[in-house]
2 protein chains.
Amino acid sequence: MLEPHDFKQNALLNLLPRDDLAHLLPHLEKVTLTLGQSLSESGRQMSHVYFPLDSIVSLLCVMENGASTEIAIVGYEGIVGVSLFMGGETTPSRAIVQSAGHAYRLKGQLLKNEFYRAGAMQRLLLRYTQALLTQMAQTAVCNRHHSVDQQLCRWLLLSLDRLPGNELVMTQELIANMLGVRREGVTESAGKLQKAGLISYNRGRIKVIDRPGLEARVCECYSVVKREYDRLLNHHNVM
Amino acid sequence: MLEPHDFKQNALLNLLPRDDLAHLLPHLEKVTLTLGQSLSESGRQMSHVYFPLDSIVSLLCVMENGASTEIAIVGYEGIVGVSLFMGGETTPSRAIVQSAGHAYRLKGQLLKNEFYRAGAMQRLLLRYTQALLTQMAQTAVCNRHHSVDQQLCRWLLLSLDRLPGNELVMTQELIANMLGVRREGVTESAGKLQKAGLISYNRGRIKVIDRPGLEARVCECYSVVKREYDRLLNHHNVM
DNA sequence: CCGTCTCTGTACGCTATCGCACATAGGACT
DNA sequence: AGTCCTATGTGCGATAGCGTACAGAGACGG
């Protein structure tokens, strides 16, 4: 269900019944997201929510000293701006574009209106939020118990699942920021993967050559998250 | 707002308007929770949700090899069983009683009915869930960037905020399970706190002597979480 | 073609935490 | 009192990741 086959659509919108989607369609605005762009700052209210298409957005927790960690990845399967309909309006985390591309944008108020109609959209968004909860929880465990090697594999696979090709545009420096480790640590781990013939790395472009190989090295956290997304956001279960 | 003053009530129920509460009151059943009791197993549907009163419940992520990490603490300010109304019915995490005490219990279906009336209860539960999201996110960062010393302080303070007294019944072994570190690591950190005169430790009973001292040592994660709970679950903001 | 900048690779000592082993001590039960 | 169990303290060597420094190498503009 969540196989990355159709990047013309956002999975959430795709799961929405026609009638419900009809309310929103006229207000969906396609926008281009550039690498590093911020969609949401800590404690600031968002004017819009975003439904990524071929772009990836990272939710980051940034600390006072500037150190950061990614707490979740959002791609075509999700929405950026959960706090709007959850009622808090803001979050302490940031949303940064991690892979440039496109997204549908929707005025926050319009989303809230649709959400509070308590129909299919609400049910869908809540299920998605639960998937997000799982991703965050698993990130917390992974940060505690797994090596940088494993986490890098997890990160590559989670990102890859949200991209159309097998190439990723991302420097090691940025990956290090996401994982909350040193850049050198990423260099080393990526070097191992490259020597093993799983990826090929070149100045900010990562090509994944042997995906099954990555899957063999990744910790269980990847599959736990993936399985939960599949379960929660699946045609048969959702409606 | 979230000061631990009234442990006869659960803060969520307390925030609910009289009329809404009236629907539930006849079905709330006061139960005793014992240390180590499991309220929810990975992937299993819960029959009830729980509103802790003077008890504390930990949400744990357990891995295949048995290692675990606490991803959130739930006390009188919250509810155990978020996945029921979020639509997923189950979660991959476990809910374990970390401090014995009491809770109100409510049949899952009744909670869902109330939730889907899309009234005050729904708004409240969603705000609470957002607070939970923040707690998980902050746990993830904390696991990545902070020392065991700091995490122990955070854990003590978060637990203390949910308890009536200044004493905590908990062995170092169990704390280690929560934090996902070695027992010896906790022994060492707790030893430092004891030498500094902040706590006194005795075979599974921790007395907090100098709370401001703990607050001086804790990492920012504690206050980020606390502030967000206060903001989201506050009489003025909620309704 | 040259200088500059960004990205990647490598090396080295340092520290926190781990894994393990074992010692001590308080409580509970006989 | 003696025994056992559980909780805590301590002392290792091993190791993963950190901080720092620096070197090479591709890209890019003048």
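The chains referred to below are lettered A, B, ... by the order of the sequence lines, with proteins before strands, and numbering in each begins at 1.
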field: side-chain hydrogen bond (donor to acceptor under 3.5 Å, both in side chains) between A:E70 and A:Q98, intermediate numbers included
entry: CA-CA 11 Å; A:E70 182 182 77; A:Q98 180 218 97; 3.3 Å; yes
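- In terms of heavy atoms, B:A103 sits closest to B:S55 at CB-OG, 4.2 Å.
- A side-chain donor-acceptor contact under 3.5 Å links B:Q151 and A:R144.
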Restricting both atoms to N or O, compile the protein contacts to nucleotides 8-15 of chain C shorter than 3.5 Å, with distance only.
residue : atom : partner : partner atom : Å
C:dT8   : OP1  : A:G204  : N            : 2.8
C:dT8   : OP2  : A:Q172  : N            : 2.8
C:dG9   : OP2  : A:Q172  : NE2          : 3.1
C:dG9   : N7   : A:R183  : NH1          : 3.0
C:dG9   : O6   : A:R183  : NH2          : 2.9

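- Axis orientation changes by 30° from one end of the helix from C:dC1-D:dG30 to C:dT30-D:dA1 to the other, with each end axis drawn from 5 pairs and the value rounded to 10°.
- Taking a 6.0 Å sphere around CZ of B:R211, one finds it holds more than 12 heavy atoms contributed by other residues, nucleotides or ligands.
- As rounded to whole Å, 15 Å separates atom P of C:dA16 from atom CZ of A:R144.
- When each of A:L60, A:N143, A:V181 is paired with A:T69, the side-chain contact (heavy atoms from CB on, under 4.5 Å) condition holds for A:N143 and for no other.
- B:Q45 meets the side-chain hydrogen bond (donor to acceptor under 3.5 Å, both in side chains) test with B:E89; sequence neighbours excluded.
- With a cutoff of under 4.0 Å to any heavy atom of chain B, the contacted region of DNA chain D is bounded 5' to 3' by D:dT6 to D:dT10.
- Note: A:L125 CG to A:Q130 CD = 13.5 Å, rounded to the nearest 0.5 Å.
- Residues A:T139 and A:V225 are not in side-chain contact: their nearest non-hydrogen atoms beyond the backbone lie 4.5 Å or more apart.
- For residues 175-204 of chain B, the set of pairs meeting the salt bridge (charged side-chain N to carboxylate O under 4.0 Å, His left out) definition, not counting sequence neighbours, comprises B:D149-B:K192.
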Donor-acceptor pairs are to be reported for all side-chain atoms of residues 169-180 of chain A against protein atoms at under 3.5 Å, with residues two or more places apart or in another chain.
residue : atom : partner : partner atom : Å
A:T171  : OG1  : A:L174  : N            : 3.2
A:Q172  : OE1  : A:T187  : OG1          : 2.6

